[in-house]
Student: 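Pasting in a structure now, in structure tokens, and then I'll have a few things to ask.
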Amino acid sequence: MSISVMLVTSTYRNVGSQGNEPYPFQEESSGVTSSKGASADGFGQAPLPSPAEKPAATGSKESNSPYINVYLTKEQRTERVKLETYVRGVIAGEMPADFELEALKAQAIAARTYIIRRLELDDHSGMPATAAAAQADVTDTIDHQIYIPIDKLKELWPKDERQEKLAKLNKAVSETSGEIITYSGEPIQAVFFSTSNGYTENSEQYFQEELPYLRSVASPWDKLISPRYQETVKLKLSEFYAKLGLSSKKKPVIRILDKTDGNRIADILIDGKTYTGREVREKLGLASSQFSWKLDGDSISITTFGYGHGVGMSQWGANGMAEEGKSAEQIVTYYYSGTKVEQASKIALK
């Protein structure tokens with residue numbers, strides 16, 4: 001049985017500012033935003049649980065159930081849609097429609113894999129404990145996958161682009177209809193993120209569990225095409241120390257102790273205290289756990305490379321592969337090692 005993940009952050013990997021989104025998503029964290037660009041961390045940003053934390057597969061779903069019940073958080077109601085309609089709404093929420101068609105198709109396959117796997121496990125993690133959400137399978141938020149409701153879909157694009165964009169999303173869905181990513185016959189945990197630093201990351205070097213299909217691979221396209229490949233933030237040292245839980249008021253002594261296979265910081269020593277790269281990234285709100293720094297008086301400038309946790313499929317990398325003529329199947333089987341693309345109908349929901 002494949003593992004379940006407590007998903008905490010999955011929105012459009014926002015490439016631009018968040019303030020002018022036509023549809024107000026929650027905090028930036030995982031998917032791409034439909035009108036701007038790729039997101040930071042895809043579904044599965046939370047640590048992969050240990051086997052003991054896997055939900056029991058006692059589900060009541062029929063193997064060929066064509067409907068998904070999506071809880072619309074802001075409206076506090078459930079929208080019942082066909083599987084492929086759900087997938088279209090997720091692509092709209094997780095990847096810009098101006099990405100290459102094969103990249104959108106790869107995102108469609110990943111999105112479909114996620115929900116099929118969730119149904120297979122009868123996984124209700126992350127659902128609100130409310131009567132309105134009681135019959136829902138999944139939310140429309142970063143807790144699972146961002147989903148754009150049918151009545152909001154056209155609001156994503158200017159009026160003169162709506163027909164073209166919607167047709168492109170429909171094509172991405174129809175040309176991958178029923179397709180999911182499997183490993184040893186089971187739907188995978190299809191985590192994704194916005195932009196790599198040149199390599200993806202092994203799952204155990206960011207999350208808690210080692211998965212054979214989430215291995216580090218080269219992703220050279222991101223540096224060339226992603227607007228989020230490199231960014232610099234500047235913090236006052238007082239803020240830097242406070243966020244790290246340190247009380248020192250002097251200039252920090254910082255030393256990298258170890259790197260991951262994906263060339264991100266595994267462990268770093270800051271004023272005598274050891275942190276993981278992930279801890280520093282999350283405490284300081286950095287784009288990536290690969291970073292360099294420069295001290296300047298009472299401030300520190302930190303430059304990050306890549307955007308997101310780095311595990312699984314890079315969305316900008318997928319777009320770069322598509323630009324080179326790679327198919328959606330080639331993209332997903334590249335980023336998810338040793339996997340296959342198969343019809344979901346082959347997977348019997350327990």
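Here the structure is a predicted model, which is why all the values come from computation and not from measurement.
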Student: Do Thr304 and Ser288 meet the criterion of a side-chain donor-acceptor pair at a distance under 3.5 Å?
Tutor: no

Student: Please name the pair of heavy atoms, one in Asp143 and one in Gly126, separated by the smallest distance, quoted to 0.1 Å.
Tutor: OD2-O, 4.1 Å

Student: Applying salt bridge (Lys or Arg N to Asp or Glu O under 4.0 Å), run through Lys236 and Glu239 and close with a yes or a no.
Tutor: CA-CA 5 Å; Lys236 291 289 186 181; Glu239 182 182 5; over 6 Å; no

Student: Under 3.5 Å, is there a donor-acceptor pair between the Tyr71 and Thr141 side chains?
Tutor: no

Student: Inspect the contact between Glu75 and Arg77 and indicate whether a charged nitrogen and a carboxylate oxygen are less than 4.0 angstrom apart.
Tutor: yes

Student: What's the spacing between Tyr213 OH and Ile188 CD1 if we round to 0.5 Å?
Tutor: 5.5 Å

Student: Please determine whether residues Leu257 and Leu244 belong to a single hydrophobic cluster, defined as Ile, Leu, Val, Met, Phe, Trp and Tyr linked transitively by side-chain heavy-atom distances below 4.5 Å.
Tutor: no

Student: Is Tyr199 reachable from Phe291 through a run of I, L, V, M, F, W or Y residues, each pair having side-chain heavy atoms under 4.5 Å apart?
Tutor: no

Student: Looking only at side-chain N and O atoms, does His144 offer a donor or acceptor that is under 3.5 Å from a partner on Arg118?
Tutor: yes

Student: Can you confirm whether the side chains of Ser299 and Asp296 place a donor and an acceptor under 3.5 Å from each other?
Tutor: no

Student: Just by distance, with hydrogens left out, do Thr78 and Asn69 show a side-chain donor and acceptor under 3.5 Å apart?
Tutor: no

Student: Compare every heavy atom of Ala108 with every heavy atom of Thr176, then report the nearest pair and how far apart it is.
Tutor: OG1-CB, 3.7 Å

Student: Considering only residues two or more places apart or on different chains, which pairs with a residue in residues 320-332 satisfy side-chain hydrogen bond (donor to acceptor under 3.5 Å, both in side chains)?
Tutor: Trp221-Glu324, Ser327-Gln330

Student: Looking at Tyr336 and Val191, would you say the former's side chain and the latter's main chain have a donor-acceptor pair under 3.5 Å?
Tutor: yes

Student: Can you confirm whether the side chains of Asp222 and Thr195 place a donor and an acceptor under 3.5 Å from each other?
Tutor: no

Student: Nearest heavy-atom pair of Ala106 and Met313: which atoms, and what distance?
Tutor: CB-SD, 4.1 Å

Student: Is there a donor-acceptor contact under 3.5 Å linking the side chains of Tyr86 and Gln145?
Tutor: yes

Student: I need the minimum non-hydrogen distance between Leu166 and Trp157, along with the two atoms involved.
Tutor: N-CZ3, 4.1 Å

Student: Check each of Gln189, Glu209, Arg215 against Ser203 using the side-chain contact (heavy atoms from CB on, under 4.5 Å) test, and report the only one that passes.
Tutor: Arg215

Student: Is a side-chain donor-acceptor pair under 3.5 Å present for Thr232 with Thr303?
Tutor: yes

Student: Cluster question for you: counting only ILVMFWY and a side-chain heavy-atom cut-off of under 4.5 Å, with indirect links fine, are Tyr334 and Tyr183 together?
Tutor: yes

Student: Please find the pair of heavy atoms, one from Lys165 and one from Asp98, that lie closest to each other, and give the distance.
Tutor: NZ-CB, 3.6 Å

Student: Any donor-acceptor pair under 3.5 Å linking the side chain of Ser174 with the backbone of Lys171?
Tutor: yes

Student: How long is the straight-line distance from CG of Leu83 back to CZ of Arg88, given to the nearest 0.5 Å?
Tutor: 12.5 Å

Student: For Ser289, which residues count as a side chain to side chain contact (heavy atoms under 4.5 Å, CB included) partner, sequence neighbours excluded?
Tutor: Tyr206, Arg264, Arg281

Student: Would you say Gln343's side chain and Ser177's backbone share a donor-acceptor pair under 3.5 angstrom?
Tutor: yes

Student: Atom CZ of Arg162 and atom NZ of Lys159: how far apart are they, to the nearest 0.5 Å?
Tutor: 7.0 Å

Student: Does either side chain, that of Glu79 or that of Tyr147, offer a donor lying less than 3.5 Å from an acceptor on the other one?
Tutor: yes

Student: Using a cut-off of 6.0 Å, state whether more than 12 heavy atoms not belonging to Lys154 lie near its atom NZ.
Tutor: no

Student: Rounded to the nearest 0.5 Å, how far does CG of Leu237 lie from CG of Leu246?
Tutor: 11.5 Å

Student: Below 4.0 angstrom, N of the basic side chain to O of the carboxylate: do Lys168 and Glu164 qualify?
Tutor: no

Student: In Å, rounded to the nearest 0.5 Å, how long is the span from CG of Asn197 to CD of Gln230?
Tutor: 11.5 Å

Student: Is Gln163 atom CD crowded by more than 12 heavy atoms from other residues, nucleotides or ligands, each under 6.0 Å away?
Tutor: no

Student: Would you please say whether a donor-acceptor pair under 3.5 Å links the side chains of Tyr241 and Asp271?
Tutor: yes

Student: Check for me, please, whether Phe207 and Val280 land in the same ILVMFWY cluster - side-chain distances under 4.5 Å, paths through other members count.
Tutor: no

Student: Any side-chain heavy atom of Arg112 sitting closer than 4.5 Å to one from Val173?
Tutor: yes

Student: Run the side-chain hydrogen bond (donor to acceptor under 3.5 Å, both in side chains) test on Gln107 and Gln315 for me, step by step, so that the C-alpha distance in whole Å, both residues' side-chain angles and the decisive distance to 0.1 Å come before the verdict.
Tutor: CA-CA 8 Å; Gln107 189 74 55; Gln315 293 174 305; 2.9 Å; yes

Student: Might you point out which heavy atoms bring Leu214 and Gly312 nearest each other, and give the distance in Å?
Tutor: CD2-CA, 3.9 Å

Student: Can you tell me how far the NZ atom of Lys273 sits from the CD1 atom of Ile268, to the nearest 0.5 Å?
Tutor: 13.5 Å

Student: Considering only heavy atoms from C-beta outward, does the side chain of Thr85 approach that of Ile150 to under 4.5 Å?
Tutor: yes

Student: Side-chain contact test, heavy atoms from C-beta onward, threshold under 4.5 Å: evaluate it for Leu156 versus Ile148 and give yes or no.
Tutor: yes

Student: Is there a side-chain contact between Trp316 and Tyr229 in this structure, where contact means two heavy atoms from C-beta onward sitting under 4.5 Å apart?
Tutor: no

Student: With sequence neighbours left out, what residues match Phe305 under ring-ring contact (aromatic ring centres under 6.0 Å, His included)?
Tutor: none

Student: Strictly by modelled atom types, are Ser216 and Asn202 linked by a side-chain donor-acceptor pair under 3.5 Å?
Tutor: no

Student: Please tell me whether Leu295 and Leu269 are part of a single hydrophobic cluster in this structure, the criterion being side-chain heavy atoms less than 4.5 Å apart.
Tutor: no

Student: Is there a side-chain contact between Arg80 and Ile68 (heavy atoms, below 4.5 Å)?
Tutor: no

Student: Do Val233 and Leu286 have side chains that get closer than 4.5 Å, going by heavy atoms?
Tutor: yes

Student: Can you tell me which residue among Gln290, Glu201, Glu204 is in a side-chain hydrogen bond (donor to acceptor under 3.5 Å, both in side chains) with Thr260?
Tutor: Glu201

